[in-house]
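Reading through the structure tokens given below for one structure.
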Amino acid sequence: MGFNIVALVLCLILRVGICQNDEDLTKGASFIFGDSLVDAGNNNYLPTLSRANIAPNGIDFKASGGTPTGRYTNGRTIGDIIGEELGQQHYALPFLAPNTTGRAILYGVNYASGGGGIMNATGRIFVNRLSMDIQIDYFNITRKQIDKLLGASKAREHITKRSIFSITVGSNDFLNNYLLPVISAGERITQTPDSFVDDLINHLRGQLTRLYKLDARKFVVGNVGPIGCIPYQKTINQLSESECVALPNKLALQYNARLKDLLQELNENLKGATIVHANVHDLVMELITNYAKYGFTSSSKACCGNGGQFAGIIPCGPTSSMCSDRNKHVFWDPYHPSEAANLILAKQLVDGGPKYMNPMNLRRLRDI
């Protein structure tokens, strides 16, 4: 009895993961890979030009009391909301955060990085970021730590049966690699869109297979959204409210078609794996096109940003103009959805039908 009281006091003081008991593990874990759409703060610990740990980012993130955490939105990311909807009691902690140690890692770890992509060259304009290859290197470290915490047999069961591996990547490979003016001009001359998409698919095949060899069995992989419709693209191309930039959207659709085939191939070839294809592109396009139906007043203007008709040139920061009705904007900043949009997107991923989730939604994936 005395020990339990002492342990409880220590837990309250330290607020660390070791205070949770093994029964919590039945709620499962989220291992999150990708870019700024799901980064929960890894870039805070990198010398990089891509950071979101400045106000007013995070202004509606209740867990931090509105303090910026490194999330590129006003509140929760899609990854955060999915974890909540699936009953997980803790947000997946950023791998690079100093408190991501001990039993805390059993509830999930977030490896995502603003500016990161499938290709290692993607995002070099930001100086530092974690590419998918590096993110998987980091999961390899976590995987060994879980073996030490649970023992090899229980660790493998936890990873294969109770963990969902979420991959949200690909947008930066176009926006901050292939489509970058000047920096990538040479690559565009020497590499056709078909050839570049081939490279992306081949690299992603290897990356997903690597995760499989580290015992990942339940995957959800999102395709690339309509990147020609984000406020940044619409502003620099001086488009009207209802227009989108053709080339980025065309490339996204080209990649998405190949991704769908890749995931079908891997579902057939990776024994025991279930890889869910999340049609994020059509989900986001539905929100952008029919925004009023979902309670939004704008799907073209950034709530937080500066420059041009859609506040789409200068990223969100302390000197940015900010809308007063944050839950009425599809986009928080020139690139990223608001928490209100993330909520709608996440709920479709968790409970949606085959139009957006194939072969099953995430609630079913958790339960198989």
Side-chain angles (χ1 to χ4, degrees), residues 32 34-41 50-85 91 112 114 168 171 175 222 224-235 241-242 244 278 280-318 320-350 352 356:
I32 298 171
D35 54 31
S36 55
L37 291 169
V38 287
D39 186 349
S50 178
R51 280 194 176 186
N53 59 339
I54 51 171
N57 291 297
I59 190 171
D60 298 307
F61 190 64
K62 290 177 183 172
S64 69
T67 302
T69 61
R71 288 166 169 82
Y72 293 73
T73 185
N74 58 309
R76 294 164 293 171
T77 67
I78 293 178
D80 294 329
I81 298 164
I82 286 171
E84 288 178 351
E85 291 289 319
Y91 295 133
T168 305
S171 298
L175 292 174
V224 170
I227 50 179
C229 301
I230 62 176
Y232 171 74
Q233 286 288 330
K234 292 176 82 148
T235 300
E241 193 168 353
S242 60
C244 296
V280 176
H281 178 280
D282 288 4
L283 253 176
V284 173
M285 189 56 96
E286 164 67 14
L287 268 190
I288 290 171
T289 307
N290 300 309
Y291 61 91
K293 173 180 163 186
Y294 298 93
F296 296 102
T297 56
S298 173
S299 66
S300 55
K301 188 172 183 180
C303 170
C304 181
N306 281 112
Q309 184 183 355
F310 305 113
I313 295 177
I314 301 169
C316 183
S320 301
S321 60
M322 184 173 66
C323 67
S324 56
D325 49 352
R326 297 186 288 274
N327 63 342
K328 298 291 186 184
H329 281 65
V330 171
F331 287 97
W332 162 243
D333 68 9
Y335 300 92
H336 307 99
S338 63
E339 183 186 62
N342 282 337
L343 195 58
I344 293 168
L345 300 172
K347 289 195 172 181
Q348 279 291 338
L349 299 184
V350 172
Y356 299 124

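Given the structure is predicted, the values throughout are model-derived calculations rather than measurements.
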Would you give the length of the straight line joining atom [atom1] of [X] to atom [atom2] of [Y], rounded to the nearest 0.5 angstrom?
X    : Y    : atom1 : atom2 : value
Y232 : L175 : OH    : CG    : 8.5 Å
F331 : C316 : CZ    : SG    : 14.5 Å
S171 : I230 : OG    : CD1   : 8.0 Å
L283 : I288 : CG    : CD1   : 11.0 Å
L37  : T168 : CG    : OG1   : 7.0 Å

> Do C304 and P56 come close enough that some side-chain heavy atom pair is under 4.5 Å?
Replying inline: yes
> Quick one: side-chain hydrogen bond (donor to acceptor under 3.5 Å, both in side chains) partners of N290, sequence neighbours excluded?
Replying inline: E286
> Which residues satisfy the side-chain hydrogen bond (donor to acceptor under 3.5 Å, both in side chains) test with D333, sequence neighbours excluded?
Replying inline: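 With neighbours one apart ignored, the set is H336.
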>> Please list all pairs meeting side chain to side chain donor-acceptor pair (under 3.5 Å) that have one or both residues in residues 322-331, counting only residues at least two apart or in different chains.
In response: D60-R326
> Tell me the salt bridge (Lys or Arg N to Asp or Glu O under 4.0 Å) pairs involving residues 298-316, sequence neighbours left out?
Replying inline: none
[X] and [Y]: which non-hydrogen atoms are nearest, and at how many Å?
X    : Y    : value
I227 : Q233 : O-CG, 3.3 Å
P231 : P334 : CD-O, 3.3 Å
L349 : A278 : CD2-CB, 3.8 Å
G228 : K234 : O-CG, 4.1 Å
L345 : L287 : CD2-CD1, 3.9 Å
S320 : P315 : OG-O, 3.3 Å

>> For W332, run the side-chain hydrogen bond (donor to acceptor under 3.5 Å, both in side chains) check against T73, N74, N57 and tell me which one passes.
In response: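 Single pass found, and it is N57.
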>> The test is side-chain hydrogen bond (donor to acceptor under 3.5 Å, both in side chains); show your working for D80 and T77 and say whether it passes.
In response: CA-CA 5 Å; D80 294 329; T77 67; 3.2 Å; yes
>> I'd like to know whether F310 forms a side chain to side chain contact (heavy atoms under 4.5 Å, CB included) with S298, so could you lay out the CA-CA distance, the side-chain angles of the two residues, the decisive distance to 0.1 Å, and finally the verdict.
In response: CA-CA 10 Å; F310 305 113; S298 173; over 6 Å; no
>> Under the rule for ring-ring contact (aromatic ring centres under 6.0 Å, His included), what residues qualify as partners of F61, not counting sequence neighbours?
In response: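 With neighbours one apart ignored, the set is Y91.
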> Between C303 and C323, does the SG-SG distance stay under 2.5 Å?
Replying inline: yes
> Can you name the side-chain contact (heavy atoms from CB on, under 4.5 Å) partners of V330, sequence neighbours left out?
Replying inline: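 By the side-chain contact (heavy atoms from CB on, under 4.5 Å) rule, V330 matches Y291, F296, S299, A341.
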